[in-house]
> 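Below you will find the structure I want to go over with you.
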Amino acid sequence: LAGCSGGNAATAVSCASEQATLSAPSIGPDSAPSVEIFVDWSCPHCRDYHEESTPALKEAARDGQIQLVHRDFPLPVNGWSKPVAYLARAVQEQVGVDAFWDFADEAFANQKSYSQDTLTRIATGVGLSQSAVQQQLEETNYCQAVQADKQRGQDVGIDATPKVYANETVYPGMPADQLLEEIQTE
């Protein structure tokens, strides 16, 4: 699976001082091996990975085999990378982690048609209020949460998306069955 790159460029982003502190959305027990998926919401390879591998990884997490952790790694793909990440985090905090994963499914499925109307429809469809959507598209409270994910990725050697970090190893966006086998044999 190919990927989107541009993650090593210095990204001095200034977030507003009053930001929501929000952990990365996850599924599965804290005691299970952590599988962190680093994605950019506008990367077509991330969309493909989400559609092809994330369902099996979510199932493995729900079965207690892994803890699946979503990590935002916005790249300069287009102008939607960060706004979609911020909107997803608003869904996570205000509606819940299950709604976050539903939002992710719909956002990636509609990636080719991102617009304010499309994102509003998706976010309100999973329970975020119209006013919360508007706020996140204009001024976010989740910049620090997204930047923390990106910094985490850079700290462990992520330089493109989609990438997975598990067992102290960075993996390319490989199929879920192959990834789970790799993780379990280490």
Side-chain angles (χ1 to χ4, degrees), residues 1 3-4 20-75 77 80-114 118-130 132-133 136-137 140-143 145-150 152-153 158 161-166 171 173-177 179-180 183:
L1 183 69
C4 296
T21 53
L22 189 63
S23 61
S26 64
I27 303 172
D30 292 340
S31 60
S34 179
V35 175
E36 300 173 63
I37 301 178
F38 290 84
V39 300
D40 175 282
W41 292 94
S42 293
C43 169
H45 307 290
C46 293
R47 178 197 62 234
D48 294 345
Y49 189 77
H50 184 85
E51 292 175 351
E52 295 165 9
S53 293
T54 300
L57 293 174
K58 287 195 289 190
E59 183 177 328
R62 288 188 179 109
D63 289 346
Q65 298 172 39
I66 61 170
Q67 181 186 46
L68 180 62
V69 182
H70 168 92
R71 296 282 187 184
D72 289 302
F73 199 82
L75 298 169
V77 176
W80 289 109
S81 297
K82 288 181 182 177
V84 178
Y86 301 151
L87 196 54
R89 292 307 184 90
V91 168
Q92 174 196 356
E93 183 175 58
Q94 297 176 36
V95 186
V97 73
D98 289 339
F100 167 86
W101 292 103
D102 292 342
F103 175 88
D105 293 344
E106 286 300 311
F108 278 121
N110 288 278
Q111 185 187 72
K112 292 180 183 180
S113 61
Y114 281 164
T118 299
L119 294 172
T120 298
R121 177 183 52 77
I122 294 168
T124 57
V126 298
L128 194 63
S129 72
Q130 181 81 28
V133 171
Q136 293 317 305
L137 291 174
T140 186
N141 293 328
Y142 303 98
C143 176
V146 170
Q147 281 306 113
D149 277 2
K150 183 149 188 178
R152 166 79 175 146
I158 304 296
T161 59
K163 291 278 178 84
V164 175
Y165 182 72
Y171 297 93
M174 64 178 61
D177 57 344
L179 175 65
L180 291 169
I183 292 168

> Would you compute the distance between atom CD of Q111 and atom CG of D40 and round it to the nearest 0.5 angstrom?
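Between Q111 CD and D40 CG, I get 8.0 Å after rounding to 0.5 Å.
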
> Just verifying a value: how many Å separate F73 CZ and F38 CZ, rounded to the nearest 0.5 Å?
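Result: 7.5 Å between the selected atoms.
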
> Can you tell me which residue among V133, T124, L128, L87 is in a side-chain contact (heavy atoms from CB on, under 4.5 Å) with L119?
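Only one option passes, and that is L87.
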
> Decide side-chain contact (heavy atoms from CB on, under 4.5 Å) for R62 and I27; before the verdict, give the C-alpha distance in whole Å, the side-chain angles of both, and the deciding distance to 0.1 Å.
CA-CA 7 Å; R62 288 188 179 109; I27 303 172; 3.7 Å; yes

> As a test of understanding, state which of R152, K150, R89, K82 forms a side chain to side chain donor-acceptor pair (under 3.5 Å) with D72.
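That would be R89.
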
> State, yes or no, whether a side-chain contact exists between L179 and V35 at a heavy-atom distance under 4.5 Å.
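Yes, side chains in contact.
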
> Which heavy atom of A145 sits nearest a heavy atom of L22, and at what distance?
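It is CB-O, 4.0 Å.
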
> Identify the two heavy atoms, one from V97 and one from P25, that lie closest to each other, and give their separation to 0.1 Å.
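Taking every non-hydrogen atom into account, CG2-CB, 3.9 Å.
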
> Shortest non-hydrogen contact from P83 to L137?
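Taking every non-hydrogen atom into account, CB-CD2, 4.4 Å.
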
> Specify the closest pair of heavy atoms between A85 and W41, including all atoms of both residues, with the distance to one decimal.
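Nearest pair, atom of A85 first, then W41: CA-NE1, 3.4 Å.
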
> Determine whether K163 and Y165 make a side-chain contact, defined as any pair of heavy atoms from C-beta on separated by less than 4.5 Å.
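A side-chain contact under 4.5 Å is absent here.
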
> Any idea which heavy atoms bring V91 and F100 closest together, and the distance?
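Closest pair (atom of V91, atom of F100, distance): CG1-N, 3.6 Å.
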
> Run the side-chain contact (heavy atoms from CB on, under 4.5 Å) test on L75 and T161 for me, step by step, so that the C-alpha distance in whole Å, both residues' side-chain angles and the decisive distance to 0.1 Å come before the verdict.
CA-CA 9 Å; L75 298 169; T161 59; 3.5 Å; yes

> Suppose we screen for side-chain contact (heavy atoms from CB on, under 4.5 Å). Which residues come up paired with E106, at least two apart in sequence or across chains?
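side-chain contact (heavy atoms from CB on, under 4.5 Å) check on E106 returns N110, I122.
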
> Taking the side chain as C-beta and beyond, is there a heavy-atom pair between Y49 and I37 under 4.5 Å?
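Y49 vs I37: side chains touch.
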
> Working note: W101 + H70, criterion side-chain contact (heavy atoms from CB on, under 4.5 Å); need CA distance, chi angles, decisive distance, verdict.
CA-CA 9 Å; W101 292 103; H70 168 92; 3.8 Å; yes

> Show your reasoning for whether side-chain contact (heavy atoms from CB on, under 4.5 Å) applies to R47 and V39.
CA-CA 9 Å; R47 178 197 62 234; V39 300; over 6 Å; no

> Which distance, rounded to the nearest 0.5 Å, do you find between the CG of L180 and the CD1 of I66?
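The CG atom of L180 sits 5.5 Å away from the CD1 atom of I66.
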
> When you measure from the side chain of Q92 to the backbone N and O of S23, does any donor-acceptor pair fall under 3.5 Å?
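At least one qualifying donor-acceptor pair exists.
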
> Looking only at heavy atoms, which two atoms of P175 and S53 are closest? And how far apart?
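Nearest heavy atoms, P175 then S53: CA-OG, 3.5 Å.
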
> Rounded to the nearest 0.5 Å, what's the gap from CZ on F108 to CD on E51? Could you check?
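The distance works out to 9.0 Å.
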
> How many angstroms lie between atom CD of Q136 and atom CG of N141, to the nearest 0.5 angstrom?
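It comes to 5.0 Å.
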
